[in-house]
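A quick write-up on the structure given underneath.
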Number of protein chains: 2
Amino acid sequence: MTKPTGKTGSDQRSRGTGAAIIYDALRDEILRLQLRPGEALDETGLGTRFVCSRSPVREALIRLASEGLVEILPNRSTIVAPIDLQRVPSYLDALDLMQRITHRLAAIAHDDADLLAIREAQHRFAGSLEVSFAENDSVPMIEANYGFHMAVASAAGNDYFLTFYRRLLDEGRRMLHLHFIFQRRDDRGPEDLLSDHEALIAAITERDAEGADAIAHEHAAQFKGRFMEFMTRSLTADIDLSNMPRRAE
Amino acid sequence: MTKPTGKTGSDQRSRGTGAAIIYDALRDEILRLQLRPGEALDETGLGTRFVCSRSPVREALIRLASEGLVEILPNRSTIVAPIDLQRVPSYLDALDLMQRITHRLAAIAHDDADLLAIREAQHRFAGSLEVSFAENDSVPMIEANYGFHMAVASAAGNDYFLTFYRRLLDEGRRMLHLHFIFQRRDDRGPEDLLSDHEALIAAITERDAEGADAIAHEHAAQFKGRFMEFMTRSLTADIDLSNMPRRAE
DNA sequence: TTCACGGATGTTGTCGACAATTTGACGACA
DNA sequence: TGTCGTCAAATTGTCGACAACATCCGTGAA
């Protein structure tokens with residue numbers, strides 16, 4: 001073997017992928033709430049878990065921090081970013097507007113490939129609904145829903161909006177998981193979500209910007225209503241108020 | 001000297017500030033176009049310039065990369081992010097919308113402290129106009145204009161919009177510098193910009209959301225028009241078309 | 001002359017080690 | 001008993017070093 005490639009072991013990662021792997025893994029676990037908000041992430045521990053030094057771990061944490069998914073406390077441990085309930089109203093406003101603009105632009109600027117991708121995403125969403133219903137696990141549905149809206153937003157053809165919308169949807173995934181952990185069954189049946197998406201696809205296909213905008217807005221408003229209701233209903237009863245900062249007024 | 005503090009030298013940075021200093025410095029130089037788009041940034045060189053190891057340099061570069069200000073080419077050098085002219089239309093759309101929403105919300109949600117900060121920023125902007133005119137240097141004006149709009153957007157009270165708008169304004173700073181490098185004198189006098197800002201402040205003070213929205217939109221539209229004209233006028237003549245990807249049609 | 005190949009060179013990705021700082025506990029004292 | 005000061009453990013921020021990868025240049029052959 002005179003080959004100069006350095007692949008000695010079996011699962012030896014090719015150079016440069018270390019940080020990316022850790023980043024993806026942590027990001028997934030954070031968004032799925034497998035790592036709970038506020039949980040500590042020490043670099044040495046992560047270094048032993050993924051078999052590598054602290055340098056790739058550090059790089060992954062820095063990238064996660066600049067996306068707001070973790071918080072690096074200087075000279076102390078880095079923690080999974082807590083979900084700040086006071087920011088929820090702002091968040092819902094932002095999600096609403098970005099969903100409107102991306103879906104509206106999608107109706108205007110899409111091409112045939114975009115439509116195909118959207119229909120595929122919708123197909124996967126329909127399949128995930130059955131899986132979620134059968135196994136009583138909301139994770140597949142949440143992720144497929146994320147994929148659907150990202151497919152629509154991609155058709156808008158504006159990277160700036162897409163990037164921002166993706167960040168909002170990421171944070172939304174955490175909230176949705178939180179939502180389904182407390183309340184297993186949704187008030188609305190899954191069929192309604194499916195038909196909402198179908199209506200959206202129809203509007204986009206017909207290049208009906210106003211219609212897509214309105215459906216996106218209504219979609220966001222429903223999410224907002226469900227989430228706010230969920231918060232006022234189940235959180236105020238259980239939550240410990242002692243460590244909750246009071247409103248500055 | 002029994003003091004256990006580790007400050008041996010004179011300008012010894014206190015622990016943990018290394019990466020932040022490098023980040024701020026590079027960010028400033030990138031946004032002011034002192035580092036030109038496409039320029040290479042090798043870690044060892046930066047390590048010698050700021051007197052430190054490659055670790056803080058690397059951290060700063062990673063943070064800059066996740067904000068889109070530099071691009072890390074795997075196993076190769078990292079370069080200052082090029083200004084993609086094809087993305088300009090998307091950028092201008094995004095800037096327009098985010099300026100509208102932040103300035104509109106500012107009119108609704110501001111409090112007295114916000115108004116004070118806005119007026120201060122406007123005062124600094126007026127001062128910077130004189131400096132820029134006297135010294136024929138557009139940098140102070142551009143930076144003060146940035147500060148003014150950030151002050152307005154801060155009054156909107158929505159961190160999500162603020163973060164996104166800041167990122168857009170950052171990229172806009174680079175374009176503005178580019179603009180003024182080619183064309184020293186603006187078509188519109190500085191007084192018009194000043195009065196635009198005054199009108200905006202008046203609308204915000206009166207909590208006139210529609211008015212603030214309209215002024216923000218007009219402001220963005222003027223920037224858009226000037227920049228597009230600048231691009232078609234002075235770029236098409238000089239620019240090398242060989243490495244410019246052609247439109248996919 | 002042009003193209004392919006191989007070594008030299010420089011830069012990045014990763015590693016282990018050390019110093020500074022925080023955190024928590026333990027014990028002394030009012 | 002409650003509070004403060006000191007000490008030890010643990011974790012981070014930084015450093016220097018090495019290996020892998022990419023680029024560049026020179027040599028040889030078609």
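Predicted, not measured: the structure shown is a model, and the values here were computed from it. Letters A, B, ... mirror the listed sequences (proteins, then strands); counts begin at 1.
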Keeping [X] on the side-chain end and [Y] on the backbone end, is there a donor-acceptor pair under 3.5 Å?
| X | Y | answer |
| --- | --- | --- |
| B:Tyr91 | A:Tyr160 | no |
| B:Asp28 | B:Ala25 | no |
| A:Ser77 | A:Asp42 | no |

How close do A:Val57 and A:Cys52 get, counting heavy atoms only, and between which atoms?
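Closest heavy-atom pair between A:Val57 and A:Cys52: CG2-SG, 4.1 Å.
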Rounded (10°) bend between the five-pair end axes of the helix from C:dT1-D:dA30 to C:dA30-D:dT1
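Taking the rotation axis at each end, their angle is 10°.
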How close or far is atom P of C:dT12 from atom CG of B:Leu73, stated in whole angstroms?
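Interatomic distance, CG of B:Leu73 to P of C:dT12: 10 Å.
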What is the separation between atom CZ on B:Arg15 and atom C1' on D:dC15, rounded to the nearest whole Å?
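So the two atoms are 11 Å apart, to the nearest Å.
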Of B:Leu31, B:Leu35, B:Val80, B:Leu26, the residue whose pairing with B:Leu69 passes side chain to side chain contact (heavy atoms under 4.5 Å, CB included)
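Of all the options given, the one that passes is B:Leu31.
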A quick test of your reading: do over 12 heavy atoms of other residues, nucleotides or ligands sit less than 6.0 Å from CZ of A:Arg36?
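Counting neighbours around CZ of A:Arg36, 12 or fewer heavy atoms of other residues, nucleotides or ligands fall under 6.0 Å, so no.
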For A:Asp112, does the CG atom have more than 12 heavy-atom neighbours from other residues, nucleotides or ligands under 6.0 Å away?
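For A:Asp112, atom CG is not crowded (no more than 12 foreign heavy atoms under 6.0 Å).
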Could you tabulate the donor-acceptor pairs under 3.5 Å formed by side-chain atoms of residues 139-147 of chain B, not counting sequence neighbours?
{"unit_1": "B:Glu143", "atom_1": "OE1", "unit_2": "B:Arg32", "atom_2": "NH2", "d": "3.2"}
{"unit_1": "B:Glu143", "atom_1": "OE2", "unit_2": "B:Arg32", "atom_2": "NE", "d": "3.1"}
{"unit_1": "B:Glu143", "atom_1": "OE2", "unit_2": "B:Arg173", "atom_2": "NH2", "d": "3.2"}
{"unit_1": "B:Asn145", "atom_1": "OD1", "unit_2": "B:His197", "atom_2": "NE2", "d": "3.2"}
{"unit_1": "B:Tyr146", "atom_1": "OH", "unit_2": "B:Asp170", "atom_2": "OD1", "d": "3.2"}

Contact list for DNA chain D against residues 74-81 of chain B - heavy-atom distance below 4.0 Å:
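Contacting residues: B:Asn75, B:Arg76.
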Looking at residues at least two apart in the chain, or sitting in another chain, which of them share a side-chain contact (heavy atoms from CB on, under 4.5 Å) with B:Arg15?
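B:Arg15: side-chain contact (heavy atoms from CB on, under 4.5 Å) contacts with A:Asn75.
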Hey, could you give me each pair passing ring pair (Phe, Tyr, Trp, His ring centres under 6.0 Å) that has a residue in residues 48-79 of chain B? Not counting sequence neighbours.
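Found none.
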Residues from residues 41-63 of chain B lying under 4.0 Å of DNA chain C - heavy atoms
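Here the set is B:Leu41, B:Asp42, B:Glu43, B:Thr44, B:Arg54, B:Arg58.
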